[in-house]
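These numbers come from a predicted model, not from an experiment.
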Amino acid sequence: MMMTSGGMAQEWFSAAELAELKLPGLATTKRGVQQLAEREGWAQAVCDIRGALARPRRGRGGGTEYHLSLLPEVARAQMMMREAPAAERMDRESVWIRWERLPASLKDEAQRRLAVIERVESLHRKGLGKASAVEEVVKQAAREARAAGAKPPFSASTVFEWFRRVAGVASHDRAAYLAPEYAGRSATCECPGEAFELYKADYLRQSKPTHAACYRNLERLAADRGWTLPSAKTLQRRLEAEIPLPVQVFLRQGAEALSHAFPHLERDRSSIAPMQVGNLDGHTWDVRVRWPNGLESRPLSLAVQDIASGKILAIRFDITLNHHLVRLALGDTFRDYGVFDSLIMDNGRENAAAAISGGQARLRWGKTPEEEPDGLLKTLGVKAIFAQPYWGQAKPIERSFRNFAHDIAKRAEFEGAYTGHNTVSKPENYGARAVPFAEFEAIVRRELAYYNAQLGRTGQGMAGRSFDQVFEEGLARRPIRRLTPEQLRLCMLASKPVAMDPRAGAVKVEGHRYWSPELGALKRQRVIVRFDPERMDAPAYVYSTDGRLLAEAARIEAGSFDRQSDAREHNKARRDWERGQKLSANAARRLSAREVAAHHAQLAPPETPTPDGRVVQLVPTAPRQAERLGRGASPDFEADWERGVTALLGR
């Protein structure tokens, strides 16, 4: 007894045994089964592997036994359901697992075999005996092969073997059972264990040597130690079979490369609306710029992008990234388009500064949110979402930066100032010129406008539209959160504590002086000045140290030594201010000093009482005091003094 692919334990049956099984498609009497066998030629059927599929019955009684592969398909299926244990019927799962691992060529062969079986069954249903049907299909295939100059593809015994494989198998599972046996490369190469360990250790290094170099190194050791090595290709195949690719990536490229080997998360932005989620990040431009102070460097920018539409909403430039730049870029966005619900940014110092994200949890930040004052984002009700640092997949704006590097930084206007992305990609004319910053900023802002308006976008939800179109269409369906002028000042202005000028009350910031009559009227104190560092000509706002707005101050323009008109205008403004202060002074004081003195003259001076209520009068000087005050006093002076005192006191 042996197991079959269909899970059956018994393969040979006599006519009487088949009749007793009462299977569909078979007669229920011994004679009926024998007539079916004679009609379909079961006695002449053979198999390449087993030989004849009909054999003399062993034991008493004699007769003939028939292999189960000769039975009608419906009968074989019923036998499998009756006799095969449940655990064996589950072998179908392992067959399909094997099918998934087969190469396409073997799967095609299985389909070809299935087509042959189906042609035989088609002829059998038309009334032709099974053996005759098999013989007819084999002859037809042989004729087609000879016409093509090839050998016959299969024999009758091969076809019966295919039928044996699918005995009792459902029609939709037949292809998996007909697939040729394929185990792939199972034998490992004969190689000394120490040699293979040396080969692995040499190859799995972050210097990333090639397989060929490692094999040459191993050959030197083999010659010295008498090892017999397989071919280089065989050794490489063994390493690739035993060491999974992610492990190779980690050992040869490091942890960062391993993290990129894991599939990134694709986010669906169709469910969010414009100005719901924003993205902020910095970018270093590959262009050499000359700043107003004469310094030449590659500028850094901070851009704000709307996630739903992909539109770049604002951009600011500076020599370094800092929280003032973040504040200004967000201020431009909030002023022109409204406020985000959430903002995605990395955990750089400029973003994690308490002035920006104070009161919200940040990555690798020492203080808890409760230990610090609320920053700009929390004050305006914007949720800060901190992405993993140096992980571009978490920030969609990184794709825009790549476009900036390829399209804007390489424009003809920047020829000679383009630096290349790294030292390897530096152009030959590197350092030929530096673009003035004002010119650079104007060109970038112009190109960003074209970038937002470009049609034919194919990203998620774009449908050939531009970023501008998607933004405007989405914004029409969502209410916009606008900021008040007072809230905008929190965003647009940098802050600096200064002391007011003790005489005029002016404040000085970054070399510029600001003053207004309201500011000059204040008590001289230390204040907080909020200003736009990129628009120093704009008014500044003066706050007290406890956060109260005190005054708005305009910038005092510096005069020129060779223009008298500057002095005249300044003097005129000073005289006008003095005139106004004098009028205010007259309005503030209605009484003169003489009138105030007259009111005081009408008052009688108060009397000073003694403890017992009597008035204290002056007492003449004692004799001894008189002696000290002057010489030549009369000898009777003391007696006269006592008489005088007695008379005054009425004694």
_Could you go through H421 and T284, starting from their C-alpha distance and side-chain angles, then the distance that decides it, and tell me whether this counts as side-chain contact (heavy atoms from CB on, under 4.5 Å)?_
CA-CA 9 Å; H421 185 63; T284 303; over 6 Å; no

Distance in Å, [X] [atom1] paired with [Y] [atom2], rounded so as to fall on 0.5 Å steps:
X    : Y    : atom1 : atom2 : answer
Q206 : F250 : CD    : CZ    : 8.0 Å
L204 : L239 : CG    : CG    : 5.5 Å
K378 : I356 : NZ    : CD1   : 15.0 Å
S301 : E441 : OG    : CD    : 10.5 Å
F334 : R327 : CZ    : CZ    : 11.0 Å
H323 : L330 : NE2   : CG    : 12.0 Å

Minimum heavy-atom separation for [X] and [Y], please, with both atom names.
X    : Y    : result
A314 : A329 : CB-O, 3.6 Å
L519 : A553 : CD2-CB, 4.0 Å
G505 : W515 : C-CD1, 4.0 Å
L229 : C191 : CD2-SG, 4.3 Å
P497 : I528 : CB-CD1, 3.6 Å
I315 : F317 : CD1-CZ, 3.8 Å

Side-chain donor/acceptor of [X] to backbone N/O of [Y], under 3.5 Å:
X    : Y    : answer
Q276 : P274 : no
T234 : P230 : no
R524 : L522 : yes
R445 : A442 : no
D224 : R220 : no
R290 : S297 : no
N279 : I344 : yes
Q305 : G310 : yes
N429 : A432 : no
D306 : M275 : yes

*Which of these, V326, L313, T333, sits in a side chain to side chain contact (heavy atoms under 4.5 Å, CB included) with L280?*
V326

Determine whether [X] and [Y] make a side-chain contact, defined as any pair of heavy atoms from C-beta on separated by less than 4.5 Å.
X    : Y    : answer
L218 : W227 : yes
Q248 : P244 : no
F401 : D281 : yes
L380 : L376 : yes
V289 : L295 : no
E296 : W291 : no
D501 : V507 : no
F467 : M462 : yes

*Tell me, please, whether Y418 has R288 positioned over its six-membered ring: NZ or CZ under 6.0 Å from the ring centre and within 45 degrees of its axis?*
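Not satisfied by the 6.0 Å and 45° rule.
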
*Could R530 and Y543 be counted as a cation-pi pair, given that NZ or CZ must be under 6.0 Å from the ring centre and within 45° of the axis?*
yes

*Is the closest side-chain donor-acceptor distance between E473 and Q469 under 3.5 Å?*
no

[X]: what forms a salt bridge (charged side-chain N to carboxylate O under 4.0 Å, His left out) with it, not counting sequence neighbours?
X    : answer
D318 : none
R252 : none
R503 : none

*Over 60° means perpendicular and under 30° means parallel, so classify the ring planes of F440 and F414, tilted if in between.*
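Aromatic pair F414/F440 classed tilted.
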
*asked:* Once ring-ring contact (aromatic ring centres under 6.0 Å, His included) is applied, do any residues pair with Y203, and if so which ones, sequence neighbours excluded?
replied: H211

*Listed by chain and number, what are the ring-ring contact (aromatic ring centres under 6.0 Å, His included) partners of F471, not counting sequence neighbours?*
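F471 satisfies ring-ring contact (aromatic ring centres under 6.0 Å, His included) with Y337 once adjacent residues are dropped.
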
Taking 4.0 angstrom as the limit, do [X] and [Y] come out as a salt bridge?
X    : Y    : value
K200 : E197 : yes
D341 : K383 : no
R446 : E413 : yes
E415 : K410 : no

*asked:* Using side-chain contact (heavy atoms from CB on, under 4.5 Å), reason through I312 and S400 one step at a time and then give a plain yes or no.
replied: CA-CA 9 Å; I312 302 298; S400 299; 4.1 Å; yes

Contacts table for residues 402-409: side-chain donor-acceptor under 3.5 angstrom, sequence neighbours left out:
| from | atom 1 | to | atom 2 | distance (Å) |
| --- | --- | --- | --- | --- |
| N403 | ND2 | Y451 | OH | 3.3 |

*For R225 and E194, what are the C-alpha separation, side-chain angles and deciding distance, and is it a side-chain contact (heavy atoms from CB on, under 4.5 Å)?*
CA-CA 11 Å; R225 302 183 184 182; E194 185 180 0; 3.0 Å; yes

*N217/L221 under side-chain contact (heavy atoms from CB on, under 4.5 Å): CA gap, chis, key distance, verdict*: CA-CA 7 Å; N217 294 338; L221 293 173; over 6 Å; no

*Got a sec: does the NZ of K508 have more than 12 other heavy atoms crowding it under 6.0 Å?*
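Counting neighbours around NZ of K508, 12 or fewer heavy atoms of other residues, nucleotides or ligands fall under 6.0 Å, so no.
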
